[in-house]
**Q** 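Please see the structure below; I have some questions.
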Protein chains: 2
Amino acid sequence: MSRTDDIRAAALELFTGRGYESTTMADIGAAVGIRGPSLYKHVASKQDLLAQIMTGTMQDLMDLHRTAVATTADPTERLRRATEAHVRYHARHRLEAFVGNREIRSLEEPHLGEVLAKRARYEAGFRELINTGVAAGRFHVTSARLASYAILDLGMGVAVWFREDGEITEDAVVWEYGEFALRLVGATD
Amino acid sequence: MSRTDDIRAAALELFTGRGYESTTMADIGAAVGIRGPSLYKHVASKQDLLAQIMTGTMQDLMDLHRTAVATTADPTERLRRATEAHVRYHARHRLEAFVGNREIRSLEEPHLGEVLAKRARYEAGFRELINTGVAAGRFHVTSARLASYAILDLGMGVAVWFREDGEITEDAVVWEYGEFALRLVGATD
DNA sequence: CCAGTTGGCTAATGCTTATTAGCCGACTCT
DNA sequence: AGAGTCGGCTAATAAGCATTAGCCAACTGG
(Lines give C-alpha, C1' and ligand atoms only; values in the text may rest on other atoms or scores of the structure.)
Protein backbone atom coordinates (compact mmCIF):
# COMPACT_ATOMS: atom_id res chain seq x y z
CA MET A 1 0.00 0.00 0.00
CA SER A 2 1.74 3.10 -1.21
CA ARG A 3 1.15 6.65 -0.23
CA THR A 4 -0.77 7.15 -3.45
CA ASP A 5 -3.21 4.44 -2.40
CA ASP A 6 -3.61 6.03 1.01
CA ILE A 7 -4.44 9.29 -0.67
CA ARG A 8 -7.00 7.68 -2.94
CA ALA A 9 -8.61 5.97 0.04
CA ALA A 10 -8.72 9.22 2.01
CA ALA A 11 -10.20 11.08 -0.94
CA LEU A 12 -12.84 8.40 -1.35
CA GLU A 13 -13.85 8.67 2.28
CA LEU A 14 -13.98 12.45 2.21
CA PHE A 15 -15.85 12.63 -1.10
CA THR A 16 -18.39 10.25 0.39
CA GLY A 17 -18.84 12.17 3.59
CA ARG A 18 -18.93 15.76 2.45
CA GLY A 19 -18.97 15.60 -1.33
CA TYR A 20 -16.39 16.39 -3.98
CA GLU A 21 -16.95 20.14 -4.07
CA SER A 22 -16.82 20.50 -0.31
CA THR A 23 -13.64 18.48 0.06
CA THR A 24 -10.42 20.48 -0.18
CA MET A 25 -6.99 19.26 -1.11
CA ALA A 26 -5.92 20.39 2.36
CA ASP A 27 -8.54 18.04 3.86
CA ILE A 28 -7.23 15.11 1.88
CA GLY A 29 -3.68 15.99 2.82
CA ALA A 30 -4.57 16.22 6.50
CA ALA A 31 -6.18 12.78 6.33
CA VAL A 32 -2.87 11.24 5.32
CA GLY A 33 -0.71 13.52 7.46
CA ILE A 34 0.72 15.91 4.89
CA ARG A 35 -0.13 19.38 3.55
CA GLY A 36 -2.39 20.00 0.58
CA PRO A 37 0.25 21.02 -1.95
CA SER A 38 2.35 17.94 -1.16
CA LEU A 39 -0.40 15.81 -2.67
CA TYR A 40 0.71 16.91 -6.10
CA LYS A 41 3.85 14.82 -5.68
CA HIS A 42 1.55 11.80 -5.89
CA VAL A 43 -1.54 12.67 -7.91
CA ALA A 44 -2.18 14.87 -10.90
CA SER A 45 -5.19 16.80 -9.62
CA LYS A 46 -8.32 16.65 -7.53
CA GLN A 47 -10.37 15.95 -10.64
CA ASP A 48 -8.06 13.06 -11.48
CA LEU A 49 -8.73 11.54 -8.08
CA LEU A 50 -12.46 11.61 -8.82
CA ALA A 51 -12.03 10.25 -12.32
CA GLN A 52 -10.07 7.26 -11.04
CA ILE A 53 -12.80 6.38 -8.57
CA MET A 54 -15.56 6.71 -11.15
CA THR A 55 -14.01 4.82 -14.02
CA GLY A 56 -12.67 2.11 -11.74
CA THR A 57 -16.10 1.60 -10.20
CA MET A 58 -17.91 1.26 -13.50
CA GLN A 59 -15.26 -1.10 -14.82
CA ASP A 60 -15.54 -3.33 -11.77
CA LEU A 61 -19.31 -3.40 -12.01
CA MET A 62 -19.21 -4.36 -15.68
CA ASP A 63 -16.71 -7.12 -15.07
CA LEU A 64 -18.72 -8.56 -12.19
CA HIS A 65 -21.89 -8.44 -14.23
CA ARG A 66 -20.33 -10.31 -17.12
CA THR A 67 -18.93 -12.97 -14.83
CA ALA A 68 -22.22 -13.39 -12.98
CA VAL A 69 -24.18 -13.91 -16.14
CA ALA A 70 -21.70 -16.09 -17.98
CA THR A 71 -22.28 -19.51 -16.47
CA THR A 72 -25.97 -20.19 -17.02
CA ALA A 73 -28.62 -19.61 -19.63
CA ASP A 74 -31.65 -19.85 -17.37
CA PRO A 75 -33.36 -16.43 -17.24
CA THR A 76 -34.28 -16.63 -13.58
CA GLU A 77 -30.84 -17.75 -12.50
CA ARG A 78 -29.18 -15.12 -14.68
CA LEU A 79 -31.23 -12.31 -13.20
CA ARG A 80 -30.67 -13.59 -9.69
CA ARG A 81 -26.91 -13.75 -10.15
CA ALA A 82 -26.70 -10.37 -11.84
CA THR A 83 -28.72 -8.78 -9.05
CA GLU A 84 -26.64 -10.49 -6.39
CA ALA A 85 -23.43 -9.27 -8.02
CA HIS A 86 -24.89 -5.78 -8.27
CA VAL A 87 -26.01 -5.70 -4.65
CA ARG A 88 -22.85 -7.33 -3.33
CA TYR A 89 -20.70 -4.74 -5.04
CA HIS A 90 -22.81 -1.91 -3.64
CA ALA A 91 -22.55 -3.35 -0.14
CA ARG A 92 -18.88 -4.25 -0.25
CA HIS A 93 -17.73 -1.11 -2.03
CA ARG A 94 -20.32 1.27 -0.76
CA LEU A 95 -18.05 4.29 -0.77
CA GLU A 96 -17.01 3.81 -4.39
CA ALA A 97 -20.57 3.14 -5.46
CA PHE A 98 -21.90 6.07 -3.47
CA VAL A 99 -19.43 8.51 -4.95
CA GLY A 100 -19.85 6.97 -8.38
CA ASN A 101 -23.55 7.73 -8.29
CA ARG A 102 -23.57 11.00 -6.46
CA GLU A 103 -20.71 12.90 -7.99
CA ILE A 104 -21.25 12.37 -11.68
CA ARG A 105 -22.13 16.04 -11.87
CA SER A 106 -18.63 16.94 -10.76
CA LEU A 107 -16.90 14.73 -13.29
CA GLU A 108 -15.57 16.55 -16.33
CA GLU A 109 -14.94 15.48 -19.87
CA PRO A 110 -13.51 13.30 -21.21
CA HIS A 111 -14.14 10.99 -18.27
CA LEU A 112 -17.76 11.97 -17.96
CA GLY A 113 -18.68 10.67 -21.39
CA GLU A 114 -16.83 7.44 -20.79
CA VAL A 115 -18.55 6.77 -17.48
CA LEU A 116 -21.99 7.62 -18.85
CA ALA A 117 -21.46 5.28 -21.77
CA LYS A 118 -20.41 2.44 -19.48
CA ARG A 119 -23.38 3.06 -17.26
CA ALA A 120 -25.78 3.00 -20.18
CA ARG A 121 -24.38 -0.34 -21.29
CA TYR A 122 -24.68 -1.71 -17.77
CA GLU A 123 -28.33 -0.69 -17.58
CA ALA A 124 -29.00 -2.14 -21.01
CA GLY A 125 -27.60 -5.46 -19.82
CA PHE A 126 -30.20 -5.70 -17.06
CA ARG A 127 -33.03 -4.67 -19.34
CA GLU A 128 -32.05 -7.35 -21.83
CA LEU A 129 -31.95 -9.95 -19.08
CA ILE A 130 -35.51 -9.06 -18.17
CA ASN A 131 -36.72 -8.88 -21.74
CA THR A 132 -35.35 -12.35 -22.40
CA GLY A 133 -37.18 -13.68 -19.37
CA VAL A 134 -40.42 -12.04 -20.45
CA ALA A 135 -40.08 -13.41 -23.98
CA ALA A 136 -39.54 -16.89 -22.51
CA GLY A 137 -42.73 -16.52 -20.47
CA ARG A 138 -40.77 -16.72 -17.23
CA PHE A 139 -41.14 -13.12 -16.07
CA HIS A 140 -44.33 -11.08 -15.95
CA VAL A 141 -43.93 -7.34 -15.99
CA THR A 142 -45.72 -4.55 -17.81
CA SER A 143 -42.50 -2.65 -18.54
CA ALA A 144 -39.05 -4.21 -18.60
CA ARG A 145 -37.56 -0.75 -18.42
CA LEU A 146 -39.38 0.07 -15.20
CA ALA A 147 -38.41 -3.24 -13.68
CA SER A 148 -34.75 -2.81 -14.57
CA TYR A 149 -34.73 0.71 -13.17
CA ALA A 150 -36.29 -0.60 -10.00
CA ILE A 151 -33.74 -3.37 -9.53
CA LEU A 152 -30.79 -1.10 -10.25
CA ASP A 153 -32.10 1.55 -7.88
CA LEU A 154 -32.36 -1.02 -5.12
CA GLY A 155 -28.64 -1.62 -5.36
CA MET A 156 -27.81 2.05 -5.27
CA GLY A 157 -29.93 2.35 -2.16
CA VAL A 158 -27.84 -0.33 -0.50
CA ALA A 159 -24.71 1.79 -0.95
CA VAL A 160 -26.46 4.55 0.98
CA TRP A 161 -27.61 2.74 4.10
CA PHE A 162 -25.47 -0.39 4.33
CA ARG A 163 -22.94 -0.56 7.18
CA GLU A 164 -20.31 -3.26 7.52
CA ASP A 165 -20.86 -3.33 11.27
CA GLY A 166 -24.64 -3.16 11.11
CA GLU A 167 -27.01 -5.88 12.19
CA ILE A 168 -27.72 -7.01 8.65
CA THR A 169 -24.88 -8.93 7.04
CA GLU A 170 -23.74 -8.52 3.47
CA ASP A 171 -24.88 -12.05 2.64
CA ALA A 172 -28.32 -11.41 4.10
CA VAL A 173 -28.80 -8.30 1.99
CA VAL A 174 -27.52 -10.01 -1.12
CA TRP A 175 -29.82 -12.99 -0.71
CA GLU A 176 -32.89 -10.98 0.21
CA TYR A 177 -32.42 -8.49 -2.60
CA GLY A 178 -31.94 -11.32 -5.07
CA GLU A 179 -35.35 -12.56 -3.93
CA PHE A 180 -36.81 -9.08 -4.20
CA ALA A 181 -35.65 -8.84 -7.81
CA LEU A 182 -37.27 -12.14 -8.76
CA ARG A 183 -40.48 -11.16 -6.98
CA LEU A 184 -40.39 -7.81 -8.75
CA VAL A 185 -40.37 -9.35 -12.20
CA GLY A 186 -42.95 -11.95 -11.19
CA ALA A 187 -40.59 -14.85 -11.87
CA THR A 188 -42.33 -18.20 -12.04
CA ASP A 189 -40.13 -20.92 -10.72
CA MET B 1 -45.93 35.76 -5.57
CA SER B 2 -43.69 36.38 -8.49
CA ARG B 3 -40.06 37.28 -7.91
CA THR B 4 -39.34 35.31 -4.78
CA ASP B 5 -41.06 32.24 -6.17
CA ASP B 6 -39.24 32.60 -9.46
CA ILE B 7 -35.99 32.69 -7.55
CA ARG B 8 -36.86 29.60 -5.56
CA ALA B 9 -37.83 27.77 -8.74
CA ALA B 10 -34.61 28.81 -10.47
CA ALA B 11 -32.55 27.75 -7.49
CA LEU B 12 -34.30 24.40 -7.42
CA GLU B 13 -33.55 23.80 -11.07
CA LEU B 14 -29.92 24.82 -10.74
CA PHE B 15 -29.34 22.84 -7.55
CA THR B 16 -30.74 19.81 -9.34
CA GLY B 17 -28.62 20.23 -12.43
CA ARG B 18 -25.25 21.13 -11.03
CA GLY B 19 -25.57 20.75 -7.29
CA TYR B 20 -25.76 23.24 -4.45
CA GLU B 21 -22.03 23.84 -4.13
CA SER B 22 -21.53 24.39 -7.83
CA THR B 23 -24.42 26.80 -8.16
CA THR B 24 -23.52 30.45 -7.58
CA MET B 25 -25.78 33.26 -6.55
CA ALA B 26 -24.85 34.89 -9.86
CA ASP B 27 -26.20 31.80 -11.68
CA ILE B 28 -29.49 32.00 -9.83
CA GLY B 29 -29.72 35.73 -10.51
CA ALA B 30 -29.01 35.24 -14.19
CA ALA B 31 -31.80 32.64 -14.36
CA VAL B 32 -34.33 35.25 -13.27
CA GLY B 33 -32.73 38.16 -15.12
CA ILE B 34 -31.01 40.04 -12.29
CA ARG B 35 -27.53 40.19 -10.76
CA GLY B 36 -26.41 37.99 -7.91
CA PRO B 37 -26.37 40.60 -5.15
CA SER B 38 -29.89 41.73 -6.03
CA LEU B 39 -31.17 38.35 -4.86
CA TYR B 40 -30.63 39.48 -1.27
CA LYS B 41 -33.55 41.87 -1.65
CA HIS B 42 -35.74 38.74 -1.81
CA VAL B 43 -34.04 35.90 0.07
CA ALA B 44 -31.89 35.75 3.18
CA SER B 45 -29.08 33.57 1.88
CA LYS B 46 -28.15 30.70 -0.40
CA GLN B 47 -28.36 28.31 2.52
CA ASP B 48 -31.86 29.55 3.29
CA LEU B 49 -32.91 28.74 -0.26
CA LEU B 50 -31.75 25.16 0.26
CA ALA B 51 -33.35 24.87 3.68
CA GLN B 52 -36.74 25.93 2.29
CA ILE B 53 -36.60 23.26 -0.38
CA MET B 54 -35.57 20.54 2.04
CA THR B 55 -37.99 21.22 4.87
CA GLY B 56 -40.86 21.83 2.47
CA THR B 57 -40.22 18.56 0.70
CA MET B 58 -40.15 16.47 3.87
CA GLN B 59 -43.26 18.18 5.17
CA ASP B 60 -45.14 17.48 1.93
CA LEU B 61 -44.09 13.84 1.97
CA MET B 62 -45.21 13.37 5.55
CA ASP B 63 -48.57 14.97 4.86
CA LEU B 64 -49.18 12.85 1.80
CA HIS B 65 -48.21 9.71 3.67
CA ARG B 66 -50.64 10.41 6.49
CA THR B 67 -53.45 11.11 4.08
CA ALA B 68 -52.73 8.00 2.02
CA VAL B 69 -52.82 5.74 5.01
CA ALA B 70 -55.76 7.31 6.82
CA THR B 71 -58.76 5.84 5.03
CA THR B 72 -58.29 2.09 5.31
CA ALA B 73 -57.08 -0.46 7.81
CA ASP B 74 -56.25 -3.25 5.36
CA PRO B 75 -52.47 -3.83 5.40
CA THR B 76 -52.16 -4.49 1.69
CA GLU B 77 -54.23 -1.49 0.73
CA ARG B 78 -52.38 0.73 3.18
CA LEU B 79 -48.98 -0.26 1.81
CA ARG B 80 -50.17 0.17 -1.76
CA ARG B 81 -51.51 3.64 -1.10
CA ALA B 82 -48.45 4.73 0.86
CA THR B 83 -46.17 3.50 -1.91
CA GLU B 84 -48.28 5.18 -4.56
CA ALA B 85 -48.19 8.47 -2.69
CA HIS B 86 -44.44 8.11 -2.25
CA VAL B 87 -43.83 7.36 -5.91
CA ARG B 88 -46.27 9.96 -7.16
CA TYR B 89 -44.56 12.66 -5.15
CA HIS B 90 -41.16 11.62 -6.45
CA ALA B 91 -42.42 11.68 -10.04
CA ARG B 92 -44.40 14.90 -9.78
CA HIS B 93 -41.87 16.81 -7.71
CA ARG B 94 -38.74 15.16 -8.95
CA LEU B 95 -36.57 18.24 -8.59
CA GLU B 96 -37.54 18.80 -4.97
CA ALA B 97 -37.13 15.13 -4.16
CA PHE B 98 -33.84 14.91 -6.00
CA VAL B 99 -32.35 17.89 -4.22
CA GLY B 100 -33.86 16.76 -0.94
CA ASN B 101 -31.99 13.48 -1.18
CA ARG B 102 -28.78 14.60 -2.76
CA GLU B 103 -27.94 17.78 -0.96
CA ILE B 104 -28.46 16.80 2.65
CA ARG B 105 -24.71 17.07 3.07
CA SER B 106 -24.88 20.76 2.21
CA LEU B 107 -27.64 21.52 4.69
CA GLU B 108 -26.46 23.09 7.91
CA GLU B 109 -27.86 23.11 11.39
CA PRO B 110 -30.45 23.72 12.66
CA HIS B 111 -32.31 22.65 9.52
CA LEU B 112 -30.25 19.51 9.08
CA GLY B 113 -31.39 17.99 12.34
CA GLU B 114 -34.98 18.83 11.62
CA VAL B 115 -34.91 17.24 8.19
CA LEU B 116 -33.14 14.11 9.42
CA ALA B 117 -35.69 13.68 12.19
CA LYS B 118 -38.58 14.01 9.75
CA ARG B 119 -36.96 11.53 7.42
CA ALA B 120 -36.44 9.01 10.22
CA ARG B 121 -40.11 9.26 11.14
CA TYR B 122 -41.14 8.83 7.52
CA GLU B 123 -39.05 5.68 7.20
CA ALA B 124 -40.41 4.35 10.47
CA GLY B 125 -43.93 4.77 9.10
CA PHE B 126 -43.22 2.44 6.22
CA ARG B 127 -41.50 -0.12 8.40
CA GLU B 128 -44.47 -0.18 10.72
CA LEU B 129 -46.83 -0.66 7.79
CA ILE B 130 -44.84 -3.71 6.75
CA ASN B 131 -44.50 -5.07 10.27
CA THR B 132 -48.26 -4.87 10.72
CA GLY B 133 -48.80 -6.77 7.51
CA VAL B 134 -46.30 -9.44 8.52
CA ALA B 135 -47.91 -9.80 11.94
CA ALA B 136 -51.29 -10.22 10.27
CA GLY B 137 -49.86 -12.98 8.09
CA ARG B 138 -50.47 -10.95 4.94
CA PHE B 139 -46.87 -10.14 4.04
CA HIS B 140 -43.95 -12.53 3.91
CA VAL B 141 -40.50 -11.02 4.24
CA THR B 142 -37.40 -12.00 6.16
CA SER B 143 -36.63 -8.44 7.22
CA ALA B 144 -39.18 -5.65 7.37
CA ARG B 145 -36.34 -3.18 7.53
CA LEU B 146 -34.82 -4.39 4.29
CA ALA B 147 -38.19 -4.37 2.57
CA SER B 148 -38.95 -0.83 3.68
CA TYR B 149 -35.53 0.38 2.56
CA ALA B 150 -36.12 -1.27 -0.78
CA ILE B 151 -39.51 0.35 -1.31
CA LEU B 152 -38.31 3.78 -0.25
CA ASP B 153 -35.25 3.52 -2.49
CA LEU B 154 -37.45 2.69 -5.44
CA GLY B 155 -39.19 6.03 -5.04
CA MET B 156 -35.96 7.93 -4.80
CA GLY B 157 -34.84 6.27 -8.00
CA VAL B 158 -37.95 7.56 -9.74
CA ALA B 159 -36.90 11.14 -8.96
CA VAL B 160 -33.65 10.47 -10.79
CA TRP B 161 -34.85 9.07 -14.08
CA PHE B 162 -38.48 10.17 -14.42
CA ARG B 163 -39.26 12.72 -17.12
CA GLU B 164 -42.62 14.43 -17.53
CA ASP B 165 -42.33 14.19 -21.29
CA GLY B 166 -41.01 10.64 -21.33
CA GLU B 167 -42.81 7.65 -22.75
CA ILE B 168 -43.83 6.36 -19.35
CA THR B 169 -46.62 8.36 -17.72
CA GLU B 170 -46.78 9.27 -14.08
CA ASP B 171 -49.82 7.06 -13.58
CA ALA B 172 -48.08 4.10 -15.18
CA VAL B 173 -45.09 4.44 -12.87
CA VAL B 174 -47.28 4.89 -9.83
CA TRP B 175 -49.38 1.85 -10.61
CA GLU B 176 -46.47 -0.40 -11.53
CA TYR B 177 -44.40 0.59 -8.51
CA GLY B 178 -47.38 -0.01 -6.27
CA GLU B 179 -47.44 -3.54 -7.67
CA PHE B 180 -43.71 -3.87 -7.21
CA ALA B 181 -44.03 -2.98 -3.55
CA LEU B 182 -46.71 -5.61 -2.95
CA ARG B 183 -44.71 -8.22 -4.81
CA LEU B 184 -41.64 -7.25 -2.79
CA VAL B 185 -43.32 -7.96 0.53
CA GLY B 186 -44.92 -11.12 -0.82
CA ALA B 187 -48.45 -9.82 -0.25
CA THR B 188 -51.10 -12.51 -0.43
CA ASP B 189 -54.27 -11.12 -1.92
C1' DC C 1 30.82 9.79 -0.83
C1' DC C 2 28.31 12.30 -3.74
C1' DA C 3 24.77 13.25 -7.66
C1' DG C 4 20.20 12.58 -8.19
C1' DT C 5 15.72 11.67 -6.90
C1' DT C 6 11.85 11.66 -3.70
C1' DG C 7 8.64 13.78 -1.03
C1' DG C 8 7.97 17.03 2.16
C1' DC C 9 7.39 22.26 3.22
C1' DT C 10 5.94 27.44 2.88
C1' DA C 11 4.75 31.24 -0.05
C1' DA C 12 2.76 33.01 -3.92
C1' DT C 13 -0.60 33.09 -7.80
C1' DG C 14 -4.76 33.79 -9.66
C1' DC C 15 -8.74 32.76 -9.36
C1' DT C 16 -14.05 32.27 -7.54
C1' DT C 17 -17.47 33.09 -4.05
C1' DA C 18 -21.11 34.79 -0.68
C1' DT C 19 -22.36 38.67 1.24
C1' DT C 20 -22.45 43.83 2.41
C1' DA C 21 -22.35 48.81 1.33
C1' DG C 22 -23.93 52.42 -0.77
C1' DC C 23 -26.10 54.50 -4.69
C1' DC C 24 -30.15 55.55 -7.55
C1' DG C 25 -34.39 55.50 -10.44
C1' DA C 26 -39.22 54.40 -10.36
C1' DC C 27 -43.34 53.85 -8.30
C1' DT C 28 -46.84 54.80 -4.23
C1' DC C 29 -49.40 57.06 -0.87
C1' DT C 30 -50.90 61.23 1.18
C1' DA D 1 -45.38 67.50 -4.94
C1' DG D 2 -42.58 64.97 -1.85
C1' DA D 3 -41.34 61.29 1.47
C1' DG D 4 -40.66 56.68 1.54
C1' DT D 5 -40.03 52.21 -0.02
C1' DC D 6 -38.86 48.80 -3.43
C1' DG D 7 -35.78 46.53 -6.16
C1' DG D 8 -32.31 47.06 -9.11
C1' DC D 9 -27.12 48.17 -9.83
C1' DT D 10 -21.76 48.35 -9.17
C1' DA D 11 -17.96 48.19 -6.10
C1' DA D 12 -15.90 46.56 -2.06
C1' DT D 13 -15.09 42.98 1.47
C1' DA D 14 -13.22 38.98 3.13
C1' DA D 15 -12.78 34.84 2.50
C1' DG D 16 -11.48 30.07 0.52
C1' DC D 17 -9.41 27.21 -3.04
C1' DA D 18 -6.58 24.47 -6.59
C1' DT D 19 -2.46 24.67 -8.25
C1' DT D 20 2.53 26.27 -9.04
C1' DA D 21 7.15 27.78 -7.60
C1' DG D 22 10.97 27.24 -5.29
C1' DC D 23 13.37 25.50 -1.35
C1' DC D 24 15.43 21.73 1.39
C1' DA D 25 16.37 17.35 4.01
C1' DA D 26 16.75 12.63 3.63
C1' DC D 27 17.48 8.77 1.27
C1' DT D 28 19.74 5.88 -2.69
C1' DG D 29 22.52 3.76 -5.96
C1' DG D 30 26.94 3.56 -8.06
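Throughout, a chain's letter reflects where its sequence line sits, starting with A, and its residues are numbered from 1.
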**Q** Hey, could you give me each pair passing ring-ring contact (aromatic ring centres under 6.0 Å, His included) that has a residue in residues 56-79 of chain B? Not counting sequence neighbours.
**A** B:His65-B:Tyr122, B:His65-B:Phe126
**Q** Would you mind building the protein contact string for nucleotides 7-21 of chain C? One character per nucleotide, 5' to 3', B for base within reach (heavy atoms under 4.0 Å), S for sugar-phosphate only, - for untouched.
**A** BBBBB-----SSBB-
**Q** Mind checking what makes salt bridge (Lys or Arg N to Asp or Glu O under 4.0 Å) contact with B:Lys46, not counting sequence neighbours?
**A** none
**Q** Could you list who else is in A:Met156's hydrophobic cluster, with ILVMFWY side chains joined at under 4.5 Å, directly or through other members?
**A** none
**Q** Among residues two or more places apart or on two chains, list those pairs meeting side-chain hydrogen bond (donor to acceptor under 3.5 Å, both in side chains) that have a residue in residues 174-186 of chain B.
**A** A:Thr142-B:Glu176, B:Arg80-B:Glu179
**Q** Supply the members, apart from B:Phe98, of the Ile/Leu/Val/Met/Phe/Trp/Tyr cluster built from side-chain contacts under 4.5 Å; use none for a lone residue.
**A** B:Val160
